[in-house]
Amino acid sequence: MTRTQANLVLLTVALIWGSAFVAQAEGMAGVGPLTFTGIRFLLGAAIVLPLARREWQQRSSHCLRASTGNVLWVGALGVLLMLGAALQQIGITGTTVTNAGFLTALYVPLVPLLAWLLLRTRPHWSVWPTSLGCLGGSWLLSGAQGLAPAAGDLWVIASSLFWALHVLFVGRIAERIAAPFLVAGGQFLVCGLGSLLWGTLSETITLAGIRQAMLPIGYAGIVSVAIGFTAQVIGQRYAQAADAAIILSAETVFAALFGYLLMGDRLHAGGIAGCMLILACIIIVQIAPLQRARQRARAR
């Protein structure tokens with residue numbers, strides 16, 4: 001795959017993830033947020049299952065068995081994924097698709113902050129101003145009415161913490177296990193089962209409601225979970241890091257676009273300013289460290 005082809009794959013991923021916010025909003029007409037999340041990720045796990053099974057057979061042929069520690073790590077990833085997806089889905093019931101897309105992206109500046117707190121990895125200086133910028137952008141996006149954003153906005157902001165923790169650890173665990181489809185399928189399975197169990201305890205689940213939400217669930221499960229996450233892994237193997245950072249950040253823009261076209265979302269001037277501020281901070285926090293590394297390489 002060439003660099004241009006990889007960039008196109010990543011742009012498609014951003015498009016898929018941005019459009020999935022509409023499916024997530026539409027799916028609430030028939031089922032609750034936890035039921036939607038559970039079925040969505042179980043569907044994604046079922047699609048990845050043949051690839052995961054092939055990896056399992058290849059590892060078995062080389063006498064590489066799954067250790068208890070690896071199983072627990074994949075289970076932990078599934079729990080983080082469940083909390084991020086479930087809280088985001090709950091938030092979508094109380095906010096717009098546009099707000100959900102941009103507020104979810106707050107995980108980007110959170111990742112280096114959490115790496116500093118949990119792994120003692122010193123963040124780049126750009127993390128501090130961009131984090132403040134994202135907070136300001138979130139305030140503008142949620143209405144800029146004092147310090148009382150909508151309840152849905154708060155749920156989505158809370159989900160960004162678990163998305164950040166997931167992003168922080170998924171690469172390390174996937175590298176340790178060296179079986180990407182087993183890791184993906186395992187975490188999808190844990191996320192789906194956990195969400196569905198949570199939903200049975202707190203929501204009313206009916207076959208009629210599932211049928212009503214089947215199309216959004218199918219899109220979110222097949223296209224967003226199974227295809228989107230897998231395509232991201234493939235594309236980033238061949239794309240430049242700077243390219244991937246900018247292109248995947250376009251997820252927020254696509255969420256706003258699809259919200260405008262399909263859901264009738266409309267932003268006031270403050271909301272538009274908040275979106276632009278968040279997007280600018282997301283790009284800066286990813287590009288600034290790469291520029292510094294390039295300058296050092298040239299100096300050497």
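Note: hydrogens, waters and symmetry copies are ignored here, and every other heavy atom, side chains too, is used. We number each residue from 1, following the sequence as shown.
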- Out of curiosity, Ile92 CD1 to Phe36 CZ, how far, rounded to the nearest 0.5 Å? 8.0 Å

- Distance-only, no hydrogens or angles: does the Gln89 side chain make a donor-acceptor pair with backbone N or O of Gln24 under 3.5 Å? yes

- Flag yes if more than 12 heavy atoms outside Trp17 fall under 6.0 Å of its CH2 atom; otherwise flag no. yes

- Query: Can you get from Leu80 to Leu106 by hopping between Ile, Leu, Val, Met, Phe, Trp and Tyr side chains that sit under 4.5 Å apart?
  - Reply: yes

Mind listing the side-chain donor-acceptor pairs of residues 155-166 below 3.5 Å, one per line with the distance, residues two or more places apart or on another chain?
from   : atom 1 : to     : atom 2 : distance (Å)
Ser159 : OG     : Val156 : O      : 2.6
Ser160 : OG     : Ile157 : O      : 2.5
His166 : NE2    : Gln187 : OE1    : 2.7

- Atom CG in Leu154, atom CG in Leu87: separation rounded to 0.5 Å? 11.5 Å

- Query: Can you hop from Ile272 to Phe254 via hydrophobic side chains spaced under 4.5 Å?
  - Reply: yes

- Kindly indicate, with the supporting measurements, whether the criterion side chain to side chain contact (heavy atoms under 4.5 Å, CB included) is fulfilled by Phe102 and Leu279. CA-CA 8 Å; Phe102 277 91; Leu279 185 59; 4.3 Å; yes

- residues 208-218 vs side-chain hydrogen bond (donor to acceptor under 3.5 Å, both in side chains), sequence neighbours excluded, gives none

- Query: Does any donor atom in the side chain of Ser195 or Arg40 lie under 3.5 Å from an acceptor atom in the other side chain?
  - Reply: no

- Listed once per pair and sorted, the side-chain hydrogen bond (donor to acceptor under 3.5 Å, both in side chains) pairs that draw on residues 27-38, sequence neighbours left out: Thr35-Glu203

- Message: Other residues, nucleotides and ligands only: do more than 12 of their heavy atoms fall within 6.0 Å of CH2 on Trp116?
- Response: no

- Correct closest heavy-atom pair for Ala23 and Pro216 would be O-CB, 3.2 Å

- Answer yes or no: is there a donor N or O on one side and an acceptor on the other, between the side chain of Thr95 and the main chain of Gly91, under 3.5 Å? no

- Item | Heavy-atom closest contact (Thr200 atom, Leu197 atom, distance) | OG1-O, 2.6 Å

- Query: Does the pair Leu42 and Leu193 meet the rule for a side chain to side chain contact (heavy atoms under 4.5 Å, CB included), with working shown?
  - Reply: CA-CA 7 Å; Leu42 287 178; Leu193 291 175; 4.0 Å; yes

- Hey, mind stepping through Met263 and Val22 against side chain to side chain contact (heavy atoms under 4.5 Å, CB included) and telling me if it holds? CA-CA 7 Å; Met263 303 291 293; Val22 175; 3.9 Å; yes

- Task: Indicate the atoms forming the closest heavy-atom contact of Phe21 with Gly101, along with that distance.
- Result: CZ-CA, 3.7 Å

